[in-house]
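Some notes on the structure that comes next.
Just so it is clear, the model here is predicted, and its values are computed rather than measured.
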Amino acid sequence: MSGGEQAQFGVNGVQQRRDWPCLTLDESRSVLRFFHNMPPAQSVAWHSMRPFSALGRVRLEGQGECLLKRHHVTLRSVKWLEEEHAFINHLAGQGAAVCPPLVLPDGHTALTVGDWTYEAFLPARGVDVYQNVMSWQPYFSVRQAYGAGVALGRLHLAAAGFKAPARGGAEVVPLLSGLQVVGQPELVPALQHWVARQPRLRSALAHRNWVGGVEAVLLPFHQRLQLLLPHIVPAWGHGDWHGSNLFWNGDDVSCVLDFGMADRTCAPFDLAVALERAVVDWLALPAAGVVAWEQVAALLEGYQSVRPLSAGECAQVVAFLPLVHVEFALSEVGYFAGLVHDQASAEVAYTDYLLGHGRWFASGEGKELLAHLPALLRQTASQQGAE
């Protein structure tokens, strides 16, 4: 099936325009020959609708399948992917339910061919229940929200011993859930320095008073975070925790997928990402009633059943929640405007995502969520203590 026949998830839902062409059979055959003991590709059985890369499930001659993922080299280099792979391999060594990357004969786990960087994985264990569900959608049930919380708590326990620095080193890796900016004491100067190091993003923001927007909408939230920053315990996190990055066995998570946004942040930040991604139905705005309150409590209860939060970590979760999207949203602006030349999506990323989510948290139901979250964190912790 050609790429033109495959839809993609976009900023406003399903769209026919794809950022990147689907994987072809000839391409898959050519790339998979590089991997160790890999049978020849027979067909590309499925194409993911997720944006930012091309992912396909490839049937192999004889038997078996693998997942092949293609990135543009400016989004993911071999170095950047192997930093992510090192984290996955650490988690696997700790017994976490993840899919380690396949290995090339030279020991690398990614390769570059022309303008593309490739990685490959064996299929995950379980059922891809959320295969056709966009990010920012609630779980199908309270029980699955609980199961997602349990799995995230287990992942954070397994991640605690992974001491690698943040991805990229001196380079800025795009499209991450990071603390390179939000984790600094002064938000605006840190953002200015971060933007200046990214030509596409710098160009995309040149016509906007983006500093004024950040100061008006996001700076008040960051000022509440500032006093908590010295007490953060750095740790790697998943960075994009929601139902479609999880495989399932009933209501339990059987495998964790897609560490593409993973970075060295901290456990409360990553838990806040999990809340931001999956308990607010952002695509339903401006309608009211977009918070899945029972799922908020269930996810937190599941998490604290395996990794109870300290009082300081609870405060960090609340402070991070309206800010976890900042670096990714800005990175999306540069991606859409400068790489795939989709100005309409860049506008949505800036206006509706970067600033719009901040404004939502400053009033109405968003403000109510922040106000009630401390009590929910205490309640779910005390429920575990009572069991």
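Taking every heavy atom of both residues into account, Gln137 and Asp281 meet most closely at NE2-OD1, 3.0 Å. Looking at every heavy atom in both residues, Ser77 comes nearest to Thr117 through C-CG2, 4.0 Å. Closest approach of Leu330 and Leu201 over heavy atoms only: O-CD1, 3.1 Å. Contact detail for Asn89 and Pro101: the closest heavy-atom pair is OD1-CD, 3.5 Å. Closest heavy-atom contact between Leu218 and Leu323: O-CD2, 3.9 Å. Residues Cys266 and Ile232 share a closest heavy-atom pair of CB-CG2, 3.6 Å.
Of the possible donor and acceptor atoms, none in the side chain of Gln42 sits under 3.5 Å from a partner among the backbone N and O of Gly62. Judged purely by atom type and a 3.5 angstrom limit, Lys163 uses its side chain to pair as donor or acceptor with the backbone of Ala160. Glu365 places a side-chain N or O within 3.5 Å of a backbone atom of Val290 that can act as its donor or acceptor partner. Side chain of Ser28 to backbone of Thr24: a donor-acceptor contact under 3.5 angstrom is found. His222 places a side-chain N or O within 3.5 Å of a backbone atom of Gln184 that can act as its donor or acceptor partner. Checked by atom type and distance alone, the side chain of Glu327 pairs as donor or acceptor with a backbone atom of Val181 at under 3.5 Å. Judged by distance alone, the side chain of Glu83 and the main-chain N or O of Gly168 form a donor-acceptor pair under 3.5 Å. Although no hydrogens or angles enter the test, the distance criterion places a donor-acceptor pair under 3.5 Å between the side chain of Ser254 and the main chain of Phe247. Side-chain atoms of Arg125 never come within 3.5 Å of backbone atoms of Ala97 as a donor-acceptor pair (strictly under, hydrogens ignored). The backbone N or O of Gly334 sits nowhere less than 3.5 Å from a side-chain atom of Arg202 that would complete a donor-acceptor pair.
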- Task: For salt bridge (Lys or Arg N to Asp or Glu O under 4.0 Å), just list the numbers for Arg70 and Glu27, CA-CA rounded to whole Å, side-chain angles, deciding distance to a tenth of an Å, and then say yes or no.
- Result: CA-CA 10 Å; Arg70 184 221 299 135; Glu27 174 187 19; 2.8 Å; yes
- Begin from the C-alpha positions of Val280 and Leu369 and carry the test side-chain contact (heavy atoms from CB on, under 4.5 Å) through to its verdict. CA-CA 10 Å; Val280 180; Leu369 176 58; 4.1 Å; yes
- Task: Could you walk me through whether Asn249 and Val127 pass the side-chain contact (heavy atoms from CB on, under 4.5 Å) test, one step at a time?
- Result: CA-CA 6 Å; Asn249 179 12; Val127 181; over 6 Å; no
- Should Gln304 and Leu309 be marked as a side-chain contact (heavy atoms from CB on, under 4.5 Å) after you check the CA-CA gap, both sets of side-chain angles, and the distance that decides it? CA-CA 7 Å; Gln304 296 203 85; Leu309 295 161; 3.5 Å; yes
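If you look at His71 and Trp80, their ring centroids are not closer than 6.0 Å. Taking the six-membered ring where the residue is Trp, the centroids of His156 and Tyr303 are separated by under 6.0 Å. Between His72 and Trp116, the distance from one ring center to the other falls under 6.0 angstrom. The aromatic ring centroids of Trp210 and Tyr350 lie 6.0 Å or more from each other. Aromatic ring centres of Tyr139 and Tyr146 lie farther apart than the 6.0 Å criterion allows. A ring-centre distance under 6.0 Å is found for Trp282 and Phe361.
Separation of atoms CG (Leu355) and NE2 (His325) is listed at 7.5 Å; rounding is to 0.5 Å. Here CG of Leu370 is found 10.0 Å from NZ of Lys367. Values are rounded to the nearest 0.5 Å. Remark: Trp248 CH2 to Gln144 CD distance equals 4.5 Å, nearest 0.5 Å. Atom CZ of Arg359 and atom CG of Asp352 lie 9.5 Å apart (nearest 0.5 Å). Of the inter-residue distances, the one linking Asp19 atom CG with Asp342 atom CG reads 7.0 Å to the nearest 0.5 angstrom. A distance of 11.5 Å separates CD of Gln379 from CG of Leu373, quoted to the nearest 0.5 Å.
Leu23 is listed as a side-chain neighbour of Tyr118, based on a closest heavy-atom distance under 4.5 Å. No side-chain heavy atom of Phe320 sits under 4.5 Å from any side-chain heavy atom of Thr265. A 4.5 Å side-chain heavy-atom check between Thr74 and Arg200 finds at least one atom pair inside the cut-off. Between Leu32 and Leu102, every side-chain heavy-atom pair lies at or beyond the 4.5 Å cut-off. For the pair Arg167/Met261, no side-chain contact is recorded, criterion being any heavy-atom separation below 4.5 Å from C-beta on. Using a 4.5 Å heavy-atom cutoff, the side chains of Trp241 and Leu275 are not in contact. Side-chain contact check for Lys69 versus Ser48: every heavy-atom pair is 4.5 Å or farther apart. Under the 4.5 Å side-chain criterion, counting only non-hydrogen atoms from C-beta, Arg307 is not in contact with Arg154.
The local environment of CD in Glu294 is sparse, with at most 12 non-hydrogen atoms from other residues, nucleotides or ligands closer than 6.0 Å.
Between His90 and Phe162, the ring planes are tilted. Angles from 30° to 60° get that label.
Side-chain contact annotation: Arg50 with Ser244, donor-acceptor N/O pair under 3.5 Å present.
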